[in-house]
Number of protein chains: 2
Amino acid sequence: MAASIIDVAKRAKVSTATVSRALRGLPNVSEVTRERVLRAAEELSYAISPHASSLASGRTGTIGVVLPFVNRWFYSQVLSGIDSVLRANDLDLLLYNLGDARVHERFFARMPLRRRVDALIVLNLPLSAAESDALVSMEVPVAVLGTRVPGCWHVSIDNAQGATTAVRHLINLGHRRIGMITGALGDPRGFTTPIVREHAYRSVLAEAGIPYEPDLEAPGNFGIEEGASAMARLLSLPDPPTAVFAESDLMAFGALRTLTRMGLRAPDDVSVIGFDDHETAELLNLTTIAQPVTHQGELLARQILDALSGASEEPAEVVVPTRLVVRGTTGAARVAGPRTSRDHPGLPDRPEGAGHPDRPGHPGRAAEPPAPRDGTAYDRLPDQHTRTTAR
Amino acid sequence: MAASIIDVAKRAKVSTATVSRALRGLPNVSEVTRERVLRAAEELSYAISPHASSLASGRTGTIGVVLPFVNRWFYSQVLSGIDSVLRANDLDLLLYNLGDARVHERFFARMPLRRRVDALIVLNLPLSAAESDALVSMEVPVAVLGTRVPGCWHVSIDNAQGATTAVRHLINLGHRRIGMITGALGDPRGFTTPIVREHAYRSVLAEAGIPYEPDLEAPGNFGIEEGASAMARLLSLPDPPTAVFAESDLMAFGALRTLTRMGLRAPDDVSVIGFDDHETAELLNLTTIAQPVTHQGELLARQILDALSGASEEPAEVVVPTRLVVRGTTGAARVAGPRTSRDHPGLPDRPEGAGHPDRPGHPGRAAEPPAPRDGTAYDRLPDQHTRTTAR
DNA sequence: GGAGTGAGTGCAATCGTTTACATGAAAAGA
DNA sequence: TCTTTTCATGTAAACGATTGCACTCACTCC
């Protein structure tokens with residue numbers, strides 16, 4: 001049916017070995033022969049059989065990407081970063097979306113990517129020791145986002161620092177009762193990110209001399225709905241928090257929705273800070289901890305490129321910084337009770353009912369008004385902002 | 001290194017042919033032999049070489065998915081639907097993210113998926129005739145979302161109907177000056193969806209006896225920022241629209257942001273309706289045209305399954321319905337000028353400054369309050385809601 | 001008892017490349 | 001002129017499965 005390398009060889013009157021060399025641009029082929037082969041291949045509209053090639057060479061030209069949820073903003077963003085780098089280097093991307101726990105188990109039980117990919121990129125998966133072993137036993141380079149796995153390349157943000165910054169921000173605004181909407185803490189698979197962030201939350205409280213109250217932590221599982229319920233739960237406490245740290249923007253969105261539905265406002269009644277700098281965070285004017293999402297994907301792919309080219313022997317680790325983006329949902333704490341004046345000195349009192357603080361007083365202006373007060377949201381961090389540790 | 005089928009054959013004291021048959025569950029292998037082979041494979045922790053298998057059998061067990069932007073909500077959602085079905089059928093998913101026009105061209109010039117996949121799923125790509133031909137010339141089943149391509153399987157929503165419903169909704173609320181924020185109309189690649197929707201917009205206006213004004217159309221390119229700018233442009237017209245149809249929720253979000261920043265409100269000053277029912281649409285209380293996104297992905301994957309199994313000869317076409325979801329950003333039109341009372345009879349006047357219409361009057365209530373008035377947002381349509389056309 | 005049936009198995013060709021090694025010719029060095 | 005290098009090319013053995021065909025039994029049926 002389709003032309004094979006033999007047909008090309010015949011047409012160019014050379015051996016298949018020469019065709020193979022010519023087509024792959026290997027050095028020892030004379031210019032005139034190469035031309036002839038190229039033309040023959042063109043005329044037959046020849047396309048190489050990737051499988052035969054892989055079988056013979058042992059290389060697949062394919063990178064496996066394993067992640068828990070393609071349809072979540074964060075992962076699709078990272079995926080996009082990975083893709084751009086792989087695509088530029090002519091590598092294919094085989095996607096493994098783990099979804100629920102059953103698929104996860106099946107994946108590690110059968111290792112369907114074995115012999116199928118040249119390298120693996122694993123995003124934010126909770127890995128048991130056995131599972132980590134299974135990964136390295138594939139004997140291909142593995143780059144992991146979020147979790148640290150011995151023998152694997154590694155990219156992550158400094159979760160402890162990010163969470164610390166978030167909680168300190170609230171404390172500096174005068175808040176003392178600070179709630180936290182946590183991620184999948186209870187997940188039997190044990191994602192590590194929520195654990196680290198929760199730990200940072202406690203540490204900062206302790207450091208500030210604020211007693212820890214378990215009731216001020218509500219589980220949110222990273223979704224809007226769960227974030228909304230978590231906020232409802234926090235607000236139903238006898239002594240509700242005046243500020244809340246949600247460890248994802250989506251949960252913060254849910255929290256804001258609950259506030260709105262209860263007739264409360266951020267930051268007048270409750271301050272809310274998120275994590276991620278989701279694409280709609282600016283829209284909702286949410287104060288948050290930004291992380292360079294796409295960039296992390298690019299870094300992972302570059303690590304794999306390095307590993308594949310043998311450029312660097314030992315797996316490296318890269319930690320990218322987070323950044324506090326102050327928008328309109330966090331504000332100074334008030335002394336007590338809702339709707340009274342604030343006690344925090346040095347901050348001007350905002351008139352009641354002024355609505356969103358970023359709404360300028362020029363209704364009807366034609367051009368789009370300037371952006372609200374806002375930390376710069378970066379798309380991509382320059383490389384000197386990343387810290388590389390050889391190990 | 002890794003065990004091959006020969007090792008297994010030796011250990012089980014059978015031929016490689018029998019191993020192959022036993023492992024794949026083919027019928028004519030005796031139970032006792034099968035057991036022996038399975039045990040041998042287990043003991044050697046044998047894993048089949050997918051490339052050798054593909055080379056010999058001609059099947060790859062891999063489906064290619066080609067889409068323009070993985071990192072956009074819509075596509076990642078569809079992708080997730082595709083993945084769930086493929087995964088359940090043990091098919092791998094090879095992802096091709098086209099991104100910019102350069103990658104797009106390269107893809108069609110080199111057809112890197114040729115011989116690499118058993119079937120192709122193409123999402124919402126603008127295809128020239130030559131490109132459609134290139135797809136079918138791969139001689140594998142192709143399922144296309146959005147665009148209709150001769151000889152290919154097809155899933156889409158009824159864009160004309162969706163857009164018609166949206167514009168009629170605004171007209172029925174009494175609006176006469178209705179703007180539209182369009183998608184990538186100017187894109188040289190020529191996405192068809194925006195064209196169809198824009199056409200529907202004009203038709204409905206004509207039908208209602210409203211003259212068409214080119215200035216009331218502003219290009220938005222499907223992004224939040226562009227949506228925001230488009231809204232700014234519309235509001236800078238001498239006679240701005242009282243209602244706006246944005247053909248994606250993201251653009252509607254941008255539009256809402258511009259309104260807020262200009263001190264205006266939806267629906268009091270301008271009604272806004274979106275398209276998609278994005279995950280944050282409910283959060284922002286956006287009236288929109290909902291489409292079953294994940295479900296479309298599942299349908300595409302099922303079509304491919306049918307095609308592969310030979311269950312149905314001719315490619316089928318499925319059109320899934322859209323649905324108007326009324327939330328809080330559309331309301332009755334007023335006679336003239338902002339901030340005056342409304343002339344639309346039968347609708348109660350809403351007190352000035354009441355804010356979001358879904359905020360109940362029970363601040364401080366402990367449990368989460370009920371959802372706002374809202375058309376049911378479906379996750380998945382039952383099959384009888386879909387219409388199949390054999391061709 | 002011979003022919004026919006059918007299940008279980010093995011043989012060996014095949015899929016389409018890559019690549020170690022061999023070959024031969026031309027260029028370089030002595 | 002006779003080696004020695006270098007360069008371009010060909011030969012053929014992998015790579016690791018699948019599968020059409022032939023074969024061997026053990027049955028069943030006349």
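Note on naming: letters A, B, ... go to the chains in the order of the sequence lines (proteins, then strands), and numbering restarts at 1 for each one.
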So for the helix from dG1(C)-dC30(D) to dA30(C)-dT1(D), with five pairs setting each end axis, what is the inter-axis angle to 10°?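 Roughly 40° between the end axes, to the nearest 10°.
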Donor-acceptor side-chain pairing of Ser20(A) and Arg24(A) below 3.5 angstrom: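 Short answer, yes.
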If we count only N and O atoms by modelled type, under 3.5 Å, do the side chains of Gln303(A) and His154(A) hold a donor and an acceptor together?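 Gln303(A) vs His154(A): no donor-acceptor pair found between side chains.
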Nucleotide [N], atom [atom2] - distance to [atom1] of [X] in whole Å:
{"X": "Glu31(B)", "N": "dG8(C)", "atom1": "CD", "atom2": "P", "result": "9 Å"}
{"X": "Ile5(A)", "N": "dA12(D)", "atom1": "CD1", "atom2": "P", "result": "17 Å"}
{"X": "Asp7(B)", "N": "dG16(D)", "atom1": "CG", "atom2": "P", "result": "9 Å"}

Asn28(B) has a side chain; which of dT18(C), dT18(D), dT9(C) sits nearest to it?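 It is dT9(C).
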side-chain N/O [X] vs [N] OP1/OP2, d < 4.0 Å:
{"X": "Thr18(B)", "N": "dG10(C)", "answer": "yes"}
{"X": "Arg24(B)", "N": "dA17(D)", "answer": "no"}
{"X": "Ser15(A)", "N": "dG10(D)", "answer": "yes"}

If you draw a 6.0 Å radius around CD1 in Ile6(A), do more than 12 non-hydrogen atoms from other residues or ligands fall strictly inside?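 Atom CD1 in Ile6(A) is not packed in, count stays at 12 or less.
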Hey, does the side-chain of Arg21(A) have a donor or acceptor N/O within less than 3.5 Å of a partner on the base of dG10(D)?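 Yes, a donor-acceptor pair under 3.5 Å.
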Scan Val14(A) against the nucleic acid and name what it touches under 4.0 Å (heavy atoms): base, sugar-phosphate only, or nothing.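 Sugar-phosphate, no base atom in range.
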Using 0.5 Å steps for rounding, measure from the [atom1] atom of [X] to the [atom2] atom of [Y].
{"X": "Leu67(A)", "Y": "Ile82(A)", "atom1": "CG", "atom2": "CD1", "answer": "7.5 Å"}
{"X": "Leu308(A)", "Y": "Ile63(A)", "atom1": "CG", "atom2": "CD1", "answer": "5.5 Å"}
{"X": "Arg21(A)", "Y": "Leu23(A)", "atom1": "CZ", "atom2": "CG", "answer": "12.5 Å"}

Could Arg72(A) and Phe69(A) be counted as a cation-pi pair, given that NZ or CZ must be under 6.0 Å from the ring centre and within 45° of the axis?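 Positive - Arg72(A) is close enough to the ring of Phe69(A) and near enough to its axis.
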Is the NZ or CZ atom of Arg87(B) both under 6.0 Å from the centre of the six-membered ring of Tyr96(A) and within 45° of that ring's axis?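 Yes; both conditions hold, so Arg87(B) lies above the ring face of Tyr96(A).
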Could Asp100(A) and Arg106(A) be called an ion pair, given the rule that one side-chain N must be under 4.0 Å from one carboxylate O?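 No.
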Return the residues of residues 32-59 of chain B meeting this criterion: a heavy atom under 4.0 Å from some atom of DNA chain C. Order them by number, or give none.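 Those residues are Thr33(B), Leu55(B), Ala56(B).
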